[in-house]
Colleague: 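After the structure tokens below, expect a handful of questions from me.
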Protein chains: 2
Amino acid sequence: MRTLSHPDVQDIALDQVLSALADPIRRRIVTQLAGGHDDQACIAFDLPVTKSTSTHHFRVLREAGIISQRYRGTAILNCLRDEELAERFPGLLEAVLGAETR
Amino acid sequence: MRTLSHPDVQDIALDQVLSALADPIRRRIVTQLAGGHDDQACIAFDLPVTKSTSTHHFRVLREAGIISQRYRGTAILNCLRDEELAERFPGLLEAVLGAETR
DNA sequence: GGGTAAGTACGAAGAATGCCGTACTACGAG
DNA sequence: CTCGTAGTACGGCATTCTTCGTACTTACCC
């Protein structure tokens with residue numbers, strides 16, 4: 001089984017989180033994960049970019065510590081690391097998600 | 001008198017705010033403005049860059065709607081637009097400022 | 001085993017960003 | 001009027017980011 005590396009909670013960096021969330025495509029992924037159920041495969045996101053670009057954005061989010069990814073078959077299940085983010089940077093994710101909808 | 005253009009509250013864009021705050025030098029400016037008194041001239045910020053780079057960062061913050069700037073003599077007085085930001089994106093600035101100190 | 005679906009690796013092109021130096025403008029002090 | 005201070009405009013350079021295409025891997029299904 002392939003493995004994907006995720007930063008520990010205490011290693012999540014504000015710089016990375018903010019620049020990851022500054023991109024509209026990546027915010028769209030985060031918003032969809034927050035709004036719907038967890039465990040959505042990458043393919044479930046209807047993004048206006050090719051597969052390889054999509055891979056890139058998911059990786060940026062994972063390496064920033066915003067989402068977690070794990071394999072199931074050939075697919076990847078994505079989860080928002082909302083509780084960990086709230087622990088590290090309280091209120092940040094909520095504020096961005098709230099701001100998104102206006 | 002020279003004038004500087006600032007976006008209206010309703011025109012402040014999440015994209016611009018987040019990418020402006022993603023830069024550590026710009027967050028340092030914002031943190032100093034939030035912590036200390038308002039109306040600090042650009043020169044009052046001890047930034048590890050040259051004057052022209054400094055000008056660039058202040059402009060990014062102003063055009064994003066995060067700070068306001070007005071001339072007094074040859075100097076520029078900088079203020080955090082905290083109330084307007086709180087109106088547009090509630091909790092966002094507080095979360096970033098809080099996150100900064102850990 | 002063969003085919004298919006989901007995602008990755010890699011390289012490349014183009015745009016954006018961060019930084020600098022130099023030359024400049026605007027204002028105030030003397 | 002002249003000088004100094006605070007900041008700007010502009011151009012250039014290096015780096016990073018976004019996007020893509022193509023070729024590849026991995027796992028499931030028949």
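The chains referred to below are lettered A, B, ... by the order of the sequence lines, with proteins before strands, and numbering in each begins at 1.
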Colleague: Are any of A/R59's side-chain N or O atoms less than 4.0 Å away from OP1 or OP2 of C/dA9?
Modeller: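 For C/dA9, OP1/OP2 do have a side-chain N/O of A/R59 under 4.0 Å.
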
Colleague: Return yes if some donor-acceptor pair links the side-chain N/O of B/R70 with the main-chain N/O of B/N78 below 3.5 Å, else return no.
Modeller: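 Flag not set: sc B/R70 to bb B/N78 has no pair under 3.5 Å.
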
Colleague: Can you see which heavy atom on A/P7 is nearest to which on A/A64, and at what distance?
Modeller: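 Taking every non-hydrogen atom into account, CG-C, 4.2 Å.
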
Colleague: Can you tell me if A/S52 and A/T55 form a side-chain donor-acceptor pair at under 3.5 Å?
Modeller: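 No pair is found: no donor N or O on one side chain lies under 3.5 Å from an acceptor on the other.
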
Colleague: Give the rounded distance in Å between these two atoms: NE2 of B/H56 and C1' of D/dA14.
Modeller: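 Those two atoms, NE2 and C1', are 14 Å apart.
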
Colleague: Is there a donor-acceptor pair under 3.5 Å between the side chain of A/R26 and the backbone N or O of A/V60?
Modeller: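 Side chain of A/R26 to backbone of A/V60: no pair is present.
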
Colleague: Does anything in residues 11-27 of chain A reach DNA chain D, meaning a heavy atom under 4.0 Å, and if so which residues?
Modeller: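 Heavy-atom contacts with DNA chain D come from A/D23, A/I25, A/R26.
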
Colleague: Should A/T74 be listed as having a side-chain N or O under 4.0 Å from OP1 or OP2 of D/dT26?
Modeller: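 No, A/T74 has no side-chain N/O under 4.0 Å of OP1/OP2 on D/dT26.
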
Colleague: Would you mind checking if B/R27 and A/D15 are paired as a salt bridge, meaning a charged N to carboxylate O distance below 4.0 Å?
Modeller: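 Yes, charged N to carboxylate O under 4.0 Å.
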
Colleague: Does C/dG21 have OP1 or OP2 under 4.0 Å away from a side-chain N or O of B/S52?
Modeller: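 False: B/S52 side-chain N/O out of range (4.0 Å or more) of C/dG21 OP1/OP2.
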
Colleague: Would you say B/D8's side chain and B/Q10's backbone share a donor-acceptor pair under 3.5 angstrom?
Modeller: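 No, the answer is negative, given that no donor and acceptor are paired below the 3.5 Å cut-off.
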
Colleague: Kindly say whether A/I25 contributes a backbone atom to a donor-acceptor pair with the side chain of A/H57 at under 3.5 angstrom?
Modeller: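 No.
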
Colleague: Between C1' on C/dG7 and CG on A/L47, what's the gap in Å once rounded to a whole number?
Modeller: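 To the nearest whole Å, that distance equals 14 Å.
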
Colleague: Nearest whole angstrom, please: distance from the P of C/dG7 to the CD1 of A/I67.
Modeller: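 Value for this atom pair: 11 Å.
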
Colleague: Hey, what bend do you get for the helix from C/dG1-D/dC30 to C/dG30-D/dC1 if you fit axes on five pairs at each end, rounded to 10°?
Modeller: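 Here the local axes at opposite ends form an angle of 20°.
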
Colleague: Could you tell me the separation between the OH atom of A/Y71 and the P atom of D/dC28, rounded to a whole number of Å?
Modeller: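 One finds 13 Å between P of D/dC28 and OH of A/Y71, rounded.
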
Colleague: I'd like to know if the side chain of A/R28 and the backbone of A/D46 have a donor-acceptor N/O pair within less than 3.5 Å.
Modeller: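 Judged by distance alone, yes, a pair lies under 3.5 Å.
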
Colleague: Taking atom C1' of D/dA6 as reference, at what distance in whole Å does atom CG of B/D46 sit?
Modeller: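 Roughly 16 Å, once rounded to whole Å.
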
Colleague: According to a strict under-4.0 Å criterion, is A/T50 in side-chain N/O contact with OP1 or OP2 of D/dT19?
Modeller: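 No, A/T50 has no side-chain N/O under 4.0 Å of OP1/OP2 on D/dT19.
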
Colleague: Is there a side-chain polar atom (N or O) of B/T55 under 4.0 Å from OP1 or OP2 of D/dG7?
Modeller: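 Answer no for this pair, as no side-chain N or O of B/T55 is under 4.0 Å from OP1 or OP2.
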
Colleague: What nucleotide among D/dT19, D/dG7, C/dG7 has an atom nearest to a side-chain atom of A/H57?
Modeller: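 Looking only at side-chain atoms, A/H57 lies closest to D/dT19.
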
Colleague: What's the CG-P distance between A/L77 and D/dT26, to the nearest Å?
Modeller: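 In whole Å, D/dT26 P and A/L77 CG are 19 Å from each other.
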
Colleague: Are any side-chain N or O atoms of A/R62 and backbone N or O atoms of A/I67, one a donor and one an acceptor, separated by less than 3.5 Å?
Modeller: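 A pair under 3.5 Å: no.
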
Colleague: Which whole-number value in Å describes the distance from B/K51 NZ to D/dG4 P?
Modeller: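 In whole Å, D/dG4 P lies 14 Å from B/K51 NZ.
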
Colleague: Within this structure, what is the CZ-to-P distance between A/F58 and D/dT18, rounded to whole angstrom?
Modeller: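 For the pair A/F58 CZ and D/dT18 P, the rounded distance is 15 Å.
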
